[in-house]
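Below is one structure, written out as structure tokens; the observations come after it.
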Amino acid sequence: MEPKYNPEVIERKWQFFWEKEEIFKVELDNAKSKYYLLEMFPYPSGRIHMGHVRNYCIGDVVARFRMSQGFNVLHPMGWDAFGMPAENAAIKHGSHPAVWTINNIKEMRRQLKRIGLSYDWSREIATCHPEYYRWEQWLFIRMMERGLVYRKKSIVNYCEPCATVLANEQVEDGQCWRCGTNVIQREQDGWFFKITAYAQELLEKCDELSGWPEKVLTMQRNWIGRSEGARILFQLENSDDSIEVFTTRPDTLYGATFMSLAPEHPLCLKLSRGTSQEAAVQKFVNEALTQDWQTRVGENAEKKGVFLGAYCLNPLTGRRMPIYSANFVLFDYGTGAVMAVPAHDQRDFEFARKYGLDIVVVIQPDGEILNAGSMTEAYVDEGFLVNSGEFDGTDNISAKRSVSQKLESMGRGGLTINYRIRDWGISRQRYWGAPIPIIHCENCGIVPAPDDQLPVVLPTDIDFPASGRSPLPELDWWVNVTCPKCGIPAKRETDTMDTFVESSWYFDRYTCPRFDGGILNPKELGYWVPVDQYIGGIEHAILHLLYSRFFTKALRDLGIKSQDEPFRNLLTQGMVIKDGAKMSKSKGNVVDPEELIDKYGCDTVRLFCLFAAPPERDLEWTSEGVEGAARFLNRVWNLVYLFKDLHFPKHISDQSDIARSIRRLTHKTLKKVTDDINNRFRFNTAIAAIMEFSNELGKISPRDTMASNDLTEAVYSAVRSLVFMLSPFTPHFAEELWENLGGKSGMTRIAWPTYDEAFLVEDSLLIIVQVNGKKRSEINVPVDATEDQIKQMALAELNVQKFIEGKTIRKMIVVPGKLLNIVVG
RNA sequence: GCCUGAGUGGUGGAAUUGGUAGACACAAGGGACUUAAAAUCCCUUGAGGCUUGUCCUCGUGACGGUUCGAGUCCGUCCUCAGGCACCA
């Protein structure tokens with residue numbers, strides 16, 4: 001055994017060993033319990049960063065621990081390989097997105113391998129691979145057949161020079177993030193996934209996700225945004241057409257005095273046409289649509305509107321309600337039209353005051369008379385209906401139902417549930433994404449690519465234009481095809497899919513990554529899913545996790561999956577922070593993982609990542625802390641070196657108190673570490689316990705063991721337990737020590753040590769003695785001491801007597817094995 | 001504004017079910033070794049007090065409450081972080 005810890009040599013040695021022996025390769029085995037552990041796969045940006053390291057180290061501890069517990073652990077890794085940065089780099093450096101991506105994957109795979117993670121690399125997936133997106137295209141068509149995919153016109157952020165739709169997060173201050181041009185709102189055709197079909201189930205199933213952080217569930221519930229209310233039809237004056245609104249306050253319908261439409265609402269221009277308001281409305285709508293979002297609906301945005309020159313009729317009062325377009329009405333929510341009840345809605349109130357519109361009070365609170373003329377703000381709370389015809393006097397809560405029922409009987413609306421969540425627009429006018437497998441035919445319209453023509457391969461043998469535009473629409477040889485239905489010349493869809501589509505099902509594909517008989521191999525899928533533990537950043541709390549839940553439900557309804565939910569347990573790890581801020585290039589506080597590995601070895605880096613904070617909290621990076629982790633490993637190395645030649649005694653002839661206490665601490669630590677990893681994911685406290693254990697062992701010298709073979713046995717076992725407990729955290733370090741101690745290599749295949757309750761028994765107990773709840777003394781009592789004996793010993797304590805002298809003992813509270821509280825008065 | 005979290009020494013954090021507050025580590029100070037430094041090892045380290053003890057008082061964002069006993073439970077409030085936000 002080397003007298004000094006040399007991480008560079010041993011890390012290379014053990015990584016080679018694990019790879020050669022295929023230690024982490026797993027296969028379906030019905031005889032064994034499976035455990036599917038997954039960390040969110042990375043975007044191949046080129047270099048791994050500390051956030052990745054932290055995420056994957058946390059996962060690796062769990063994986064190795066479960067392996068040692070005898071589970072058949074599926075622990076895969078892959079690449080979320082489509083996306084804009086590849087195109088961006090291509091424009092900047094003149095490389096091809098595919099080449100850039102493949103090189104990045106190569107580099108990052110090399111970096112990940114240096115951390116010594118327990119992945120089954122034989123299952124590696126890159127989502128840009130045609131054999132991956134082939135099945136995504138297949139699924140797209142199946143979903144289309146079930147009505148879960150459709151095409152519609154919608155209003156999107158659009159950058160003209162770049163010729164693409166931009167996601168909201170790609171618009172900065174109203175400008176394109178890449179070219180700086182003002183983004184415009186443009187109506188455009190696009191493909192949508194009907195996630196709203198599952199809105200209710202996605203919401204309800206949140207209650208069953210007991211292994212998810214409450215925080216994430218709350219965010220998802222808010223995002224889905226269910227609200228109960230009514231839909232109401234307002235007939236247009238001099239027309240048979242109606243405007244439909246959604247409201248949560250049908251009880252205030254008698255007080256609706258005007259109507260507000262979102263500027264995007266098609267009726268704005270239609271109704272004002274030919275009226276004296278036509279020009280004003282055009283100007284207003286145009287302004288609202290070209291304005292950036294913050295200016296229009298931001299915190300300080302002014303509420304503005306314009307009369308359309310048209311009226312609709314209140315279905316219950318018959319009142320002529322002027323129709324306005326208002327900038328604060330969201331086209332995306334409800335129906336994009338709002339019945340305005342100024343007396344009972346603050347926005348409508350302000351709007352009515354500004355434009356001189358009628359305010360009619362229809363809800364009266366108890367003990368206060370509202371007067372429309374003197375109100376300074378809307379009354380939005382509960383009360384009784386007034387000015388509401390047959391409903392006068394009913395409380396407004398029950399009026400919600402009765403008013404809705406009346407509307408329903410009139411055919412003018414009824415109770416309904418509205419969701420905030422929108423359908424998922426997946427069309428991107430980008431090149432580097434999975435092609436949408438559709439053919440547009442003049443005769444047949446939209447025709448899916450036939451299954452036997454899948455995958456629709458993204459052409460890669462092309463020059464990538466410097467303009468940044470997708471080259472696909474210009475690629476005549478690719479775009480021009482014959483219609484699979486009627487055979488006439490037709491054109492391919494040139495939009496590609498949002499990259500969130502790939503990440504919505506990759507965890508299923510890991511169960512059978514090379515299967516070519518279908519999207520998923522039912523046998524493998526049935527054995528491995530659901531994911532038992534998913535680990536990743538909180539930034540995916542809504543999008544990725546919600547989309548994945550949606551896909552699992554869609555796959556279930558297609559008869560492919562049998563689970564309702566993809567991820568049984570979710571751990572959201574915190575960010576890596578340095579000098580109080582998230583590591584970023586712009587702040588100049590980035591720490592390069594590889595430099596650290598060069599300097600200290602990956603085991604030290606791993607140990608620090610796991611020790612400095614519990615996983616879900618942010619981790620403050622300090623170089624001193626890393627030094628500390630390295631020092632600890634050196635101390636353990638030296639300790640093991642010191643005791644490496646101890647032999648397990650043939651027979652034990654003596655009894656040693658030190659041996660007993662070492663044995664007790666060994667098993668106590670085993671219990672603590674097992675429990676912390678198993679049930680709590682508290683690696684920081686597990687490591688702290690190991691440190692304490694190691695500190696105690698450090699106090700024993702080899703000379704002590706010569707005198708007692710009882711102690712020899714205790715230390716022999718303690719040192720081996722110490723090394724084993726470190727194996728999930730610092731696996732190379734542990735394997736090397738284990739081997740030097742004569743152990744078998746491949747520790748994940750060796751059973752995790754169990755603790756023995758018999759060794760945990762203490763010789764004596766430390767009892768805290770309190771007087772009136774304040775600690776006044778502590779006493780050591782024999783384990784078998786009776787309550788009376790403990791009380792007598794406590795009362796005999798000098799410092800206790802000081803505080804009870806001259807007072808009456810009211811009672812004594814005994815917490816067995818821990819504490820005695822003497823209550824005096 | 002609403003919804004989540006969180007607030008403990010100089011710092012990161014611990015205290016798992018209401019029972020010794022500050023484990024473990026970092027930093028700092030002192031000492032040993034060394035010609036010296038680094039490394040390593042040992043000691044001290046929440047604040048305050050004097051009577052220097054198996055001592056006392058205070059102390060977990062603030063103020064109340066429940067309890068024999070509260071970092072932990074309840075109420076009110078403050079601060080910070082994250083999410084949502086004119087959602088009809």
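Every chain is numbered from 1 and lettered A, B, ... according to where its sequence line falls, protein lines coming before strand lines.
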For this session: Identify, with sequence neighbours excluded, every residue that meets side-chain contact (heavy atoms from CB on, under 4.5 Å) alongside A:Tyr355.
Result: A:Lys304, A:Tyr324, A:Phe351, A:Leu357
For this session: State whether the distance check finds a donor on one side and an acceptor on the other, under 3.5 Å, for side chain A:Lys303 versus base B:C86.
Result: yes
Could you list, one pair per line, each protein nitrogen or oxygen that sits under 3.5 Å from a nitrogen or oxygen of nucleotides 80-84 of chain B, together with the distance?
none

For this session: Identify whether any heavy atom of A:Pro213 sits under 4.0 Å from a base atom; if not, whether one sits that close to sugar-phosphate; answer base, sugar-phosphate or nothing.
Result: nothing
Exercise. Taking only residues at least two apart or on different chains, which pairs with a member in residues 668-691 of chain A satisfy side chain to side chain donor-acceptor pair (under 3.5 Å)?
Worked result: A:Arg66-A:Asn678, A:Lys672-A:Asp676, A:Thr674-A:Trp752, A:Asp675-A:Asn679, A:Asp676-A:Arg680, A:Asp676-A:Thr685
Problem set entry | Sugar-phosphate or base contact per nucleotide [nucleotides 17-34 of chain B; S, B, -; heavy atom under 4.0 Å] | --BB--BBSSS-------
Problem set entry | G-U wobble or Watson-Crick pairing nucleotide for B:A21 (cut-off 3.5 Å, both distances) | none
Exercise. Taking only residues at least two apart or on different chains, which pairs with a member in residues 617-629 of chain A satisfy side chain to side chain donor-acceptor pair (under 3.5 Å)?
Worked result: A:Tyr600-A:Glu627
For this session: When you get a sec, tell me which of B:C56, B:G13, B:U54 is the closest nucleotide to the side chain of A:Ala613?
Result: B:G13
Exercise. Rounded to whole angstrom units, what separation is found between the CG atom of A:Asn418 and the P atom of B:C87?
Worked result: 13 Å
Return a table of donor-acceptor pairs under 3.5 angstrom between the side chains of residues 811-820 of chain A and protein atoms on other chains or two or more places apart.
none

Might you list the N or O atoms of the protein lying below 3.5 Å from N or O atoms in nucleotides 43-46 of chain B, with each pair's distance?
none

For this session: Indicate yes or no: does A:Arg664 engage A:Glu762 in a salt bridge with an N to O separation below 4.0 Å.
Result: yes
Problem set entry | G-U wobble or Watson-Crick pairing nucleotide for B:U66 (cut-off 3.5 Å, both distances) | none
For this session: Please state how far atom CG in A:Leu639 lies from atom P in B:C41, giving the value in whole angstrom units.
Result: 12 Å
Atom pairs and distances, side-chain donor-acceptor, residues 788-795 of chain A, under 3.5 Å, sequence neighbours left out:
residue: A:Gln789; atom: OE1; partner: A:Thr786; partner atom: N; Å: 2.7
residue: A:Gln789; atom: OE1; partner: A:Thr786; partner atom: OG1; Å: 3.3

Problem set entry | Single hit among A:Lys354, A:Gln346, A:Arg347, A:Arg353 for side chain to side chain contact (heavy atoms under 4.5 Å, CB included) with A:Glu350 | A:Gln346
For this session: For B:C41, give its Watson-Crick or G-U wobble partner with both distances under 3.5 Å, or none.
Result: B:G31
Seminar exercise, completed: From CG of A:Leu261 across to C1' of B:A88 the rounded distance in Å is 13 Å
For this session: Name the pairing partner of B:C58, where a pair is Watson-Crick or G-U wobble with both distances under 3.5 Å, or state none.
Result: B:G46
Exercise. What nucleic acid atoms does A:Lys672 come within less than 4.0 Å of, heavy atoms only: base, sugar-phosphate, or nothing?
Worked result: base
For this session: Would you please name every residue forming a side-chain contact (heavy atoms from CB on, under 4.5 Å) with A:Asp704, sequence neighbours left out?
Result: A:Ile700, A:Ser701, A:Leu711
Exercise. So does A:Asn799 get a side-chain nitrogen or oxygen closer than 4.0 Å to the phosphate oxygens (OP1/OP2) of B:C56?
Worked result: yes
For this session: Mind telling me if B:G9 is syn or anti? Syn here is a glycosidic angle within 90° of 0.
Result: syn
For this session: Figure out the CG/C1' separation between A:Asp332 and B:C86, and round it to whole Å.
Result: 14 Å
Would you tabulate the nitrogen or oxygen pairs shorter than 3.5 Å linking the protein to nucleotides 48-53 of chain B?
none

Exercise. Got a sec, which residues hit side chain to side chain donor-acceptor pair (under 3.5 Å) with A:His265, two or more places apart in sequence or on another chain?
Worked result: none
Exercise. Applying a 3.5 Å limit to both distances, which nucleotide forms a Watson-Crick or G-U wobble pair with B:C2?
Worked result: B:G83
Exercise. So what does A:Arg680 touch, heavy atoms closer than 4.0 Å: a base, only the sugar-phosphate, or nothing?
Worked result: base
Seminar exercise, completed: Within residues 335-349 of chain A, those residues having any heavy atom closer than 4.0 Å to RNA chain B are A:Val338, A:Arg347
